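Written below as structure tokens is the structure these notes are about.
These numbers were taken from a predicted model, which means no experiment stands behind them. By convention in this document, chain letters (A, B, ...) are assigned in the order of the sequence lines, proteins followed by strands, and residues within each chain are numbered from 1.
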Protein chains: 2
Amino acid sequence: MTSALDETTAQLRAAGLSPTRRRRLVLEALDRRPRPVGAHELYVELTQQGTPVGMSTVYRTLTALAAKGLLHVFVRDGETHYRLCAAGRHYHLVCRRCGLVVEHVDEDEGWLKRIAREADFEADSPETEIHGVCGPCHRALKS
Amino acid sequence: MTSALDETTAQLRAAGLSPTRRRRLVLEALDRRPRPVGAHELYVELTQQGTPVGMSTVYRTLTALAAKGLLHVFVRDGETHYRLCAAGRHYHLVCRRCGLVVEHVDEDEGWLKRIAREADFEADSPETEIHGVCGPCHRALKS
DNA sequence: GTTAGTGCAAACCTTTTGCACCAGG
DNA sequence: CCTGGTGCAAAAGGTTTGCACTAAC
């Protein structure tokens with residue numbers, strides 16, 4: 001069966017993008033990644049894996065997917081990185097050492113609302129970024 | 001009296017940077033800004049105000065001040081922006097419309113610690129970023 | 001066949017760097 | 001003097017764009 005392929009196809013359709021070969025390959029590559037990827041790295045991966053893609057296609061696809069809300073965007077060392085995102089309210093914990101991003105769902109839904117109210121903000125995007133060092137990296141640094 | 005000048009001088013010395021004319025001017029310009037400024041904008045401001053400065057000096061000064069912890073760094077539309085920062089634990093609320101950044105001190109010190117613990121992170125930098133729309137912008141958008 | 005997608009190369013923009021000059025102690 | 005700061009111009013990324021070609025319905 002071709003469920004993986006079908007799934008990316010469905011995702012693209014749901015986003016209102018025609019499911020072309022390149023787009024599916026980009027989405028599949030993203031699907032395998034635990035942490036945000038830069039356009040160039042993705043380009044190299046797809047090219048080496050025997051799928052020639054133009055840089056512009058990579059950029060255009062990533063931009064389109066992000067605009068549709070399928071990807072989260074992170075900036076790391078002056079380079080934009082993208083990662084598949086879960087829907088719904090959650091926070092992002094970003095490791096500044098290895099770049100890992102953990103999506104954490106907080107049970108205490110009221111916290112963000114309270115902060116926003118106190119600061120006179122509409123915190124419409126719950127994708128709050130918390131920066132630090134992930135557990136594995138922290139333990140590696142201590143040793 | 002020249003207290004303003006003295007103050008930037010003191011800030012620079014405290015940061016371990018010799019208080020040159022250019023650096024003081026950069027710091028003073030930042031002091032007048034409620035929201036993060038990009039290097040180019042700062043360059044234009046200083047130049048128009050009759051103080052010729054090289055772009056490289058602006059960049060080098062901003063980088064140095066940020067490295068010393070005197071400035072917070074934000075990325076907006078692919079351009080790095082800098083703002084004088086308060087010391088101590090606080091969150092940043094960033095308006096995606098006007099770029100305003102509000103520093104909010106939360107009384108509930110435990111929240112961040114709890115999130116970090118649950119996600120196995122060391123949230124060493126309390127300068128968490130919350131994105132949204134500030135009150136004035138939100139009201140402007142509704143009208 | 002018509003419309004959307006793609007590749008290439010050039011352009012763009014922000015930021016960094018090399019090097020000669022300058023300033024301040 | 002001598003060291004660090006500065007300016008200029010060039011280079012270095014990363015990203016976008018114009019245009020001709022291709023592919024999919």
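- A straight line from CG of Leu62(A) to P of dG5(C) spans 15 Å, rounded to a whole angstrom.
- Other residues, nucleotides and ligands contribute at most 12 non-hydrogen atoms within 6.0 Å of the CZ atom of Arg13(B).
- Atom CZ of Arg60(A) and atom P of dG18(D) are 10 Å apart (whole Å).
- Counting distance only, with no hydrogens placed and no angle test, the side-chain atoms of Arg22(A) and the base atoms of dG7(C) include no donor-acceptor pair under 3.5 Å.
- Counting only heavy atoms from C-beta on, Arg23(B) has its side chain closest to dG5(D) among dG5(D), dG5(C), dT15(C).
- Here Thr57(B) reaches the OP1 or OP2 of dG7(D): one of its side-chain N or O atoms lies under 4.0 Å away.
- Rounded to whole Å, atom C1' of dC13(C) lies 9 Å from atom CD of Glu79(B).
- The aromatic ring centres of His72(A) and His81(A) sit 6.0 Å or more apart.
- Rounded to a whole Å, the OH atom of Tyr59(B) is 15 Å from the P atom of dG7(D).
- What separates CZ of Arg13(A) from P of dC25(D) is a distance of 8 Å, to the nearest Å.
- One atom, OH of Tyr82(A), and another, P of dG14(D), lie 13 Å apart when rounded to the nearest Å.
- No side-chain donor-acceptor contact under 3.5 Å links Arg21(B) and Thr51(B).
- When hydrophobic clusters are built by joining Ile, Leu, Val, Met, Phe, Trp and Tyr residues whose side-chain heavy atoms come closer than 4.5 Å, directly or via intermediates, Phe74(A) is not grouped with Val133(A).
- Comparing atom distances between the Ser56(B) side chain and each of dT16(D), dC8(D), dT6(D) picks out dC8(D) as nearest.
- OP1 and OP2 of dG24(C) both lie 4.0 Å or more from every side-chain N or O belonging to Thr20(B).
- If you take CE of Met55(B) and P of dG5(D), they are 19 Å apart, rounded to a whole angstrom.
- No hydrogens or angles considered: nothing links the side chains of Glu127(B) and His131(A) as a donor-acceptor pair under 3.5 Å.
- Residue Asp77(B) contributes atom CG, which lies 11 Å from atom P of dT16(D) at whole-angstrom precision.
- Between the side chain of Ser18(A) and the base of dC25(D) there is no donor-acceptor pair of N/O atoms closer than 3.5 Å.
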